[in-house]
There are 2 protein chains.
Amino acid sequence: MKLKKKQRQEKLQEMIEETPFITDEELSNKFGVSIQTIRLDRLELSIPELRERIKHVAHKNWNEEVRALPIDEVIGEVVNLELDNLAISILDIKEEHVFSRNQIARGHHLFAQANSLAVAVINDELALTANVKIKFTRPVKVGERVVAKASVVGDDHNRTIVEVKSYVHDEVVFEGKFYMYRTTEN
Amino acid sequence: MKLKKKQRQEKLQEMIEETPFITDEELSNKFGVSIQTIRLDRLELSIPELRERIKHVAHKNWNEEVRALPIDEVIGEVVNLELDNLAISILDIKEEHVFSRNQIARGHHLFAQANSLAVAVINDELALTANVKIKFTRPVKVGERVVAKASVVGDDHNRTIVEVKSYVHDEVVFEGKFYMYRTTEN
DNA sequence: TCCGCTATTATGACTAGGTCCTAATAGTAA
DNA sequence: TTACTATTAGGACCTAGTCATAATAGCGGA
């Protein structure tokens, strides 16, 4: 049996919220009613037309897209890389890295920079972080440039040890000792 | 003097990349050429029409919106929070969290979940991570759901200690001991 | 059974922001 | 002047709608 108006409109509202990229025509097929009925429903529920919905989604995310964190690959810009030896990367702390309240960088960004650098410096197909000991020695503020230096310092029970120190100018802001698992011990 | 074709096309490409929400008409005004010229330019540069561009931006972010690394606030969804006591959050591991080669989650995502949870559980204006010891006990693969449990276990020299354990089902995948700095010792 | 009411469907005119195709005109270099 | 590219113009068509008007369907109550 066909749905009554009220139920159809409720369903319609849900569906459009879930998948805003749906045309009136597709909706009319799904509900087995005419396009006009769908349009009337949208009118009554004040749901804008497809193009406006798309525009809305696009705009909403347009701001966010620019600051989108390249959580892929290495965090920060690698400026030097000698496999199985040392690596250096730079991360400029921007608005999106900090707590809005106090402009201090969230710890996981510094960690992400260090960790991805530790992964990158390992000359192997597979490198995974096993254990880490880290220290945040002083808060980093927005606008500061963090230079992370990773160096492979040795091995320990099947783990390669990478030490990472991050600096703002000459001040150490982060220290970490990464015990990395790798597929083939060189 | 009017720009030559080549220069105009370069500018055009830039402009559309910067602000994709621009119509041919607006472009034609900016460059002082006819709409048809703009259309020809787009054709030659294979730049899609406005609606397609909007759709693209919307779609691109539609995925991201849901999976959005909400690098703001807490990473993962908080399902339980008792300030200064314990907190639980859930993070579903998706494509964007893993190394494409082996589908294993990058460590910094697990760290980010744990770290932000440790920050969140602290009932204070300012909470910063000072030191951490962490262990990644087994790789997490795409599709798995990581449940992080943070508990405040005590104090140590002006630092609040928060232990975080993350699970996939009943298996521990991550363990961390966070020494948190806070403004006012309760 | 007919009346009244809501719900639904149909129809036509119009819109933005295009596409695609054809054709005319402008500008410039050999 | 010729040849060529660049630009402009025009018309038909498209999608996914809007808005207004009108016709029809379904159903409950007297």
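All values below were derived from every heavy atom in this structure, side-chain atoms included, with hydrogens, water molecules and symmetry-related copies excluded. By convention in this document, chain letters (A, B, ...) are assigned in the order of the sequence lines, proteins followed by strands, and residues within each chain are numbered from 1.
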Distance check: side-chain N/O of Thr37(B) vs OP1/OP2 of dT7(D), anything under 4.0 Å?
-> no

Can you measure [X] atom [atom1] to [N] atom [atom2] for me and round it to whole angstrom units?
X	N	atom1	atom2	result
Ile38(A)	dT15(D)	CD1	C1'	18 Å
Ile54(A)	dT15(D)	CD1	P	15 Å
Arg8(A)	dA7(C)	CZ	P	9 Å
Ile35(A)	dT15(D)	CD1	P	12 Å
Phe31(A)	dT8(C)	CZ	P	12 Å
Leu40(B)	dA9(D)	CG	P	13 Å
Glu44(A)	dT8(C)	CD	P	9 Å
Asp41(A)	dT8(C)	CG	C1'	10 Å

Output all residues satisfying side-chain contact (heavy atoms from CB on, under 4.5 Å) with [X], sequence neighbours left out; order by chain, then residue number.
X	value
Ile16(A)	Leu12(A), Ile22(A), Leu27(A), Arg42(A), Ile47(A), Arg53(A)
Thr37(B)	Arg8(B), Val33(B), Ser34(B), Asp41(B)
Glu10(A)	Lys6(A)

Carboxylate-amine/guanidinium proximity below 4.0 Å for Arg182(A) and Asp155(A) | no

Would you mind checking if Lys55(A) and Glu52(A) are paired as a salt bridge, meaning a charged N to carboxylate O distance below 4.0 Å?
-> yes

Run through Val168(B), Val98(B), Ile104(B), Leu91(B) and flag the one making a side chain to side chain contact (heavy atoms under 4.5 Å, CB included) with Val140(B).
-> Val168(B)

Decide whether Phe99(B) and Ile93(B) are clustered together by the hydrophobic rule: side chain heavy atoms of Ile, Leu, Val, Met, Phe, Trp, Tyr closer than 4.5 Å, transitively.
->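 Per the 4.5 Å side-chain linkage, Phe99(B) and Ile93(B) are co-clustered.
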
Nucleotide-resolved protein contact map, nucleotides 11-24 of chain C, B/S/- at heavy-atom distance under 4.0 Å = B----BBBB-----

Side-chain donor-acceptor pair under 3.5 Å between Ser89(A) and Gln113(A), yes or no?
->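 Note: Ser89(A) and Gln113(A) side chains meet the donor-acceptor criterion.
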
Tabulate protein N/O versus nucleotide N/O from nucleotides 21-28 of chain D, keeping only pairs under 3.5 Å, one per line.
none

Salt bridge (Lys or Arg N to Asp or Glu O under 4.0 Å) pairs, two or more places apart, involving residues 160-172 of chain A =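 Residue pairs with at least one partner in residues 160-172 of chain A: Arg138(A)-Glu171(A).
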
